[in-house]
Amino acid sequence: MSSRFEIIKNIVEVCHKLEAKGFVAATDGNVSARLPNGNILTTPASLNKGFVRAEDLVEVTVEGKLVSKQGKPSSEIGMHLFIYRERKDVNAVVHAHPVYATAFAAARKEISVKAFPEVLVAIGRIPLAEYATPSTGEVADSLQPFVQHHEAVLLMNHGAVTYGGNVWEAYFRMEKVEHAAHIQITAQALEGIQELSPEQIKKLSDISYSSYGKVISQSIINSK
Ligand SMILES: [Zn+2]
């Protein structure tokens, strides 16, 4: 695991990137990471991600008890803590409202990942969680069916959440989700995307296995 110093630096850089890429508006979005001491460091409530500095970050225990002497954790800290408690392998969580991914979430449609070989290999299916009132415990509940087997989830009528082994991995998943959503919406102007055939996905899965030791799940191949 990275040092506390590196983790803080990475959170601040990712916050600035989220803002620069337009993945958040006003004070939306939140980023957190697991520290070497097992606690969670999160962005504070009500701060534009472009303005986040190291000293603004707030430390809480994985049960949500405030460790920092001051500061208020992100309003979505409950969702972050739920993911850390369920997934010991996850060390970072990014939540944002990128325009195209959130368009899918608002239209209540999943992104057709079978049209994107690299998304299939890197992320797999990006499920759409049931609607949950933002910043309530409902958001964690809505992730329950997906948290174990997915690292990128659309939050219905709200946005997206991605997570991974470190802050950059979680952030890059958010970028890939948004990029795929953007391409799919752009392709609608060209009569829509065309998905890979089961044979093409099988071949991709074999290459993914030989390169990364990771297969594409049969449930994706069989899904309509
Ligand atoms: Zn949100």
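Quick note: residue numbers are just sequence positions, from 1. Both ligands and their constituent atoms are indexed starting at 1 by order of listing.
Legend: salt bridge (Lys or Arg N to Asp or Glu O under 4.0 Å) pairs involving residues 45-54, not counting sequence neighbours, sorted by first then second residue: R53-E55, R53-D56.
Within a radius of less than 2.8 Å around the Zn ion (ligand 1), the protein N, O or S atoms are H95 NE2, H97 NE2, H158 NE2.
Contact between P36 and S3 at its shortest, heavy atoms only, is CG-C, 4.3 Å.
You'll find the side chain of F23 stays beyond 4.5 Å of the side chain of D28, heavy atoms only.
Counting heavy-atom neighbours within 6.0 Å of K214 NZ, excluding the residue itself, gives a total above 12.
In this structure, E76 has no salt bridge (charged side-chain N to carboxylate O under 4.0 Å, His left out) partners at least two apart in sequence or on a different chain. E169 pairs by the salt bridge (charged side-chain N to carboxylate O under 4.0 Å, His left out) definition with R173, not counting sequence neighbours.
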